[in-house]
Amino acid sequence: MLRAVLWDVDGTLAETERDGHRVAFNRAFEAHGLPWRWDVESYGRLLAVAGGFERLLYDLEGRRDAPASHDERVDLARRLHAAKNGLYADIVDSGAIPLRNGVRRLIDACAEAGILQGIATTTTRSNVDALLGASFGPDWQRRFAAVVCADDAPCKKPDPQAYRLALARIAAAADEAIALEDSPNGVHAARAAGLPTLLVRSDFFRDAASCGETATCDDLDSRVTWRGGEAARVDLDALRRIVDRAARA
Ligand code: XBP
Ligand code: MG
């Protein structure tokens with residue numbers, strides 16, 4: 001029986017990566033007098049590395065014009081990442097990153113039905129604050145029984161740490177919850193925590209191979225399918241049916 005919904009943030013609640021994090025990284029490079037810029041295609045490839053800091057460090061490792069020593073690269077990545085998060089908040093505050101289709105509807109429906117909700121993300125807490133504050137106002141946290149970010153769960157997806165912690169804080173078992181995810185790393189993390197998973201494909205992962213998700217859709221307002229079932233859009237009834245199906249599998 002469905003008791004809890006766990007939300008991923010980047011790509012699931014909103015398309016934050018292309019026009020949010022990527023642009024903010026490029027502005028941070030510029031502000032530090034660095035010539036580096038990530039175009040959409042190369043950023044899409046870099047998204048295989050979860051975590052903005054880890055993504056940046058990975059990129060620096062391959063650059064001839066990056067600092068030579070590991071410690072210096074880590075130090076530069078830390079400074080650039082902190083600057084990026086500030087610039088990301090500015091972009092989000094300007095209203096440039098709306099929630100994806102159906103997100104507000106489903107969050108409201110869960111709240112009305114008494115379904116517990118949690119956040120399980122590898123992004124930094126300040127980014128979640130910026131995004132959800134811009135969309136729901138300063139008391140956005142009231143909607144969520146648990147908010148687990150990179151600050152709480154430093155092992156990034158596909159590690160299941162964020163999901164395990166969110167389940168523990170909500171006090172729900174994995175088989176009475178469902179994870180909403182947009183990426184293969186996210187689906188792997190949720191699955192490793194034992195959760196049924198709805199893959200809500202995001203722009204950068206539109207064509208990604210299926211990775212063990214229980215159900216899939218293009219967005220929450222469009223058709224959702226799972227083994228032995230489908231629904232015209234993702235609503236509570238569809239989530240309940242997906243979780244019941246996973247329990248019988
Ligand atoms: C997505 C991520 C994050 C963001 C950037 O997290 O991997 O790293 O790209 O945020 P999720 P940070 O899909 O789990 O929400 O720079 O704060 O890491
Ligand atoms: Mg995501």
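Only this structure's heavy atoms are used, side chains among them; waters, hydrogens and symmetry mates stay out. Values in this document were obtained by computation on a predicted structure and should not be read as measured data. When a ligand or atom number is given, it counts from 1 through the structure's own listing order.
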Pair Phe25 and Trp36, ring centroids less than 6.0 Å apart: no
Please answer whether the main-chain N or O of [Y] pairs with a side-chain N or O of [X] as donor and acceptor at a distance below 3.5 Å.
X: Ser42; Y: Trp38; value: no
X: Asp151; Y: Arg125; value: yes
X: Ser69; Y: Glu72; value: yes

Pair Arg142 + Asp139, salt bridge at N-O below 4.0 Å: yes
Residues Arg191 and Glu213 bridged, charged N to O under 4.0 Å: no
Over 12 non-hydrogen atoms of neighbours within 6.0 angstrom of CZ in Arg143: yes
For a quick test of your reading: what N or O donor-acceptor pairs under 3.5 Å do the side chains of residues 88-100 make, sequence neighbours left out?
residue, atom, partner, partner atom, Å
Ser94, OG, Ile91, O, 2.6
Arg100, NH1, Gly11, O, 2.8
Arg100, NH1, Val200, O, 3.2
Arg100, NH1, Arg201, O, 3.2
Arg100, NH2, Arg201, O, 2.7
Arg100, NH2, Asp218, O, 2.7

Non-neighbouring partners of Arg245 that pass side chain to side chain donor-acceptor pair (under 3.5 Å), sequence neighbours left out: none
Count of N, O or S atoms belonging to protein, less than 2.8 Å from the Mg ion (ligand 2): 3
Pocket residues of ligand 1, ordered first by chain and then by residue number (heavy-atom cut-off under 4.0 Å): Asp8, Val9, Asp10, Glu17, His21, Ala50, Gly51, Gly52, Arg55, His81, Lys84, Asn85, Thr121, Thr122, Thr123, Thr124, Asn127, Lys157
